[in-house]
Amino acid sequence: MKLFAFKINRKTRATLAGVLIAAASLYALSAAYDITLSSLFGLLLGSLLLLVAAMLLAFSLVFISKNTMRLFRRKTKEPGSNEKNDTFKGS
């Protein structure tokens with residue numbers, strides 16, 4: 001017997017359950033160790049900023065490496081060869 005008959009995707013339900021478990025864990029942690037709301041907010045904000053900084057660093061490294069390889073391929077290509085002129089047009 002199901003307690004709730006919500007028509008929600010399985011992955012969405014799992015994500016919501018994870019978020020609720022995380023929120024309950026943070027509440028239990030803050031209640032057990034008398035952590036103030038401002039210090040808990042600072043911890044969450046710091047974690048979020050670290051995550052955003054890591055993502056920006058990863059995106060910038062991918063951008064730099066792709067453009068460097070593109071320039072390297074362009075420089076190593078023979079100056080006289082042109083892809084449009086290399087095809088055989090026939091008589």
Side-chain angles (χ1 to χ4, degrees):
M1 182 175 129
K2 291 185 177 181
L3 293 176
F4 299 106
F6 292 122
K7 298 282 184 177
I8 299 175
N9 190 0
R10 173 187 254 168
K11 291 181 181 180
T12 306
R13 282 191 313 236
T15 302
L16 288 175
V19 168
L20 288 175
I21 290 170
S25 298
L26 283 175
Y27 174 74
L29 182 70
S30 65
Y33 290 106
D34 293 327
I35 299 174
T36 62
L37 185 61
S38 63
S39 65
L40 190 63
F41 180 72
L43 174 72
L44 292 175
L45 184 64
S47 300
L48 182 66
L49 287 175
L50 180 67
L51 180 65
V52 168
M55 288 173 56
L56 285 175
L57 179 66
F59 286 139
S60 63
L61 286 175
V62 167
F63 179 77
I64 289 169
S65 65
K66 280 192 172 203
N67 284 331
T68 303
M69 290 304 293
R70 188 176 295 147
L71 285 174
F72 183 70
R73 272 188 254 129
R74 204 176 281 166
K75 292 286 184 185
T76 58
K77 201 184 241 187
E78 291 182 25
S81 71
N82 190 356
E83 290 179 13
K84 293 179 184 177
N85 294 333
D86 285 345
T87 58
F88 180 71
K89 295 192 178 189
S91 29

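Just so you know, these numbers come straight off a predicted model, no measurement behind them.
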Exercise. Out of curiosity, F63 CZ to T68 OG1, how far, rounded to the nearest 0.5 Å?
Worked result: 9.5 Å
Exercise. Is there a donor-acceptor pair closer than 3.5 Å between any side-chain N or O of T12 and the backbone N or O of I8?
Worked result: no
Problem set entry | In one Ile/Leu/Val/Met/Phe/Trp/Tyr side-chain cluster, 4.5 Å: I64, L57 | no
Exercise. If you round to the nearest 0.5 Å, how far is CD1 of I21 from CG of L16?
Worked result: 11.0 Å
Exercise. So with a 6.0 Å cut-off around CG of L37, is the heavy-atom count from everything else above 12?
Worked result: no
For this session: For residues L26 and L44, determine if any side-chain heavy atom of one lies less than 4.5 Å from a side-chain heavy atom of the other.
Result: yes
For this session: Measure the CE-CZ distance between M69 and R74 for me, rounded to the nearest 0.5 Å.
Result: 13.0 Å
Problem set entry | Distance in Å, L51 CG paired with L56 CG, rounded so as to fall on 0.5 Å steps | 9.5 Å
Exercise. Would you say the side-chain atoms of S39 and T36 include a donor-acceptor pair closer than 3.5 Å?
Worked result: yes
For this session: Enter the distance from Y27:OH to I35:CD1 here, rounded to the nearest 0.5 Å.
Result: 13.0 Å
